[in-house]
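What you see below is based on every heavy atom in this structure, not just the backbone, and it leaves out hydrogens, waters and symmetry mates.
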Amino acid sequence: MKLGFCAEAEYRWMRHDEGVTAASAQPKNLYDNNLALFEELFGRYDGAVLPYVQELLVNDIAWKMNSRIALSTHVGGAAYDEALARMGRLLERVDTRLIMTHPTLKRDFRLFVLGLKKAVPLV
């Protein structure tokens with residue numbers, strides 16, 4: 001096996017519709033599974049969740065919000081409200097400072113995430 005750098009490489013993550021990532025990285029394939037993963041992970045802590053684990057959630061939300069695949073747009077009505085409430089329950093255990101200082105979570109998205117955390121709309 002060789003390791004090294006290649007000047008001709010191209011970064012193709014979620015940039016091309018024909019890629020398997022673009023086809024499978026949709027809310028209907030990600031939302032419930034990812035939330036269940038974080039619910040299980042956060043559930044391991046009776047008190048405060050480790051900051052690193054909190055940051056994993058914030059980072060996951062940030063890249064999905066930036067890619068427009070973060071929300072469970074495949075459901076509607078009460079199911080959509082419950083999906084957002086699940087995320088909000090996780091965010092209640094995240095330090096607000098981590099949300100406010102995350103480097104790739106855009107300002108408008110921060111307000112939305114903080115609104116989920118506090119279960120009140122901030123926008």
Separation between CG (Leu35) and CE (Met87), nearest 0.5 Å, reads 5.5 Å

Item checked: Whether Lys117 side chain and Gly88 backbone form a donor-acceptor pair below 3.5 Å -> no

- Item | Leu57 and Leu91, any side-chain heavy atoms less than 4.5 Å apart | yes

Worksheet item: Got a salt bridge between Arg89 and Glu82, using NZ or NE/NH1/NH2 to carboxylate O under 4.0 Å?
Response: yes

Interatomic distance, CE@Met65 vs CG@Asp60, rounded to 0.5 Å, equals 11.5 Å

Taking every heavy atom of Phe42 against every heavy atom of Arg93, the minimum-distance pair comes out as O-NH1, 3.0 Å

Check your understanding: Is a side-chain donor or acceptor of Glu92 paired with a backbone partner of Lys118 at a separation under 3.5 angstrom?
Key -> no

Worksheet item: Are the side chains of Val49 and Val94 in touch, meaning some heavy atoms are under 4.5 Å apart?
Response: no

If hydrophobic clusters are built by linking Ile, Leu, Val, Met, Phe, Trp and Tyr wherever their side-chain heavy atoms come under 4.5 Å apart, do Leu50 and Leu90 end up in the same one? yes

Let me have the donor-acceptor pairs involving side chains of residues 96-105, under 3.5 Å, with sequence neighbours excluded, atom names and distances please.
residue: Arg97; atom: NH2; partner: Asp95; partner atom: OD2; Å: 3.3
residue: Thr101; atom: OG1; partner: Arg97; partner atom: O; Å: 2.8
residue: His102; atom: ND1; partner: Thr104; partner atom: N; Å: 3.1
residue: His102; atom: ND1; partner: Thr104; partner atom: OG1; Å: 3.3
residue: His102; atom: ND1; partner: Leu105; partner atom: N; Å: 3.4
residue: His102; atom: NE2; partner: Glu55; partner atom: OE2; Å: 3.4
residue: His102; atom: NE2; partner: Asn59; partner atom: OD1; Å: 3.1

Interatomic distance, CZ@Phe38 vs CG@Leu56, rounded to 0.5 Å, equals 5.5 Å

#### Entry: hydrophobic_cluster_shared for Ile61 and Tyr52, side chain cutoff 4.5 Å
yes

Practice problem: Using a 4.5 Å cut-off on heavy atoms from C-beta on, say whether the side chain of Arg86 contacts that of Asp32. | Solution: yes

Smallest heavy-atom separation, Ala48 atom then Tyr45 atom, equals O-CB, 3.8 Å

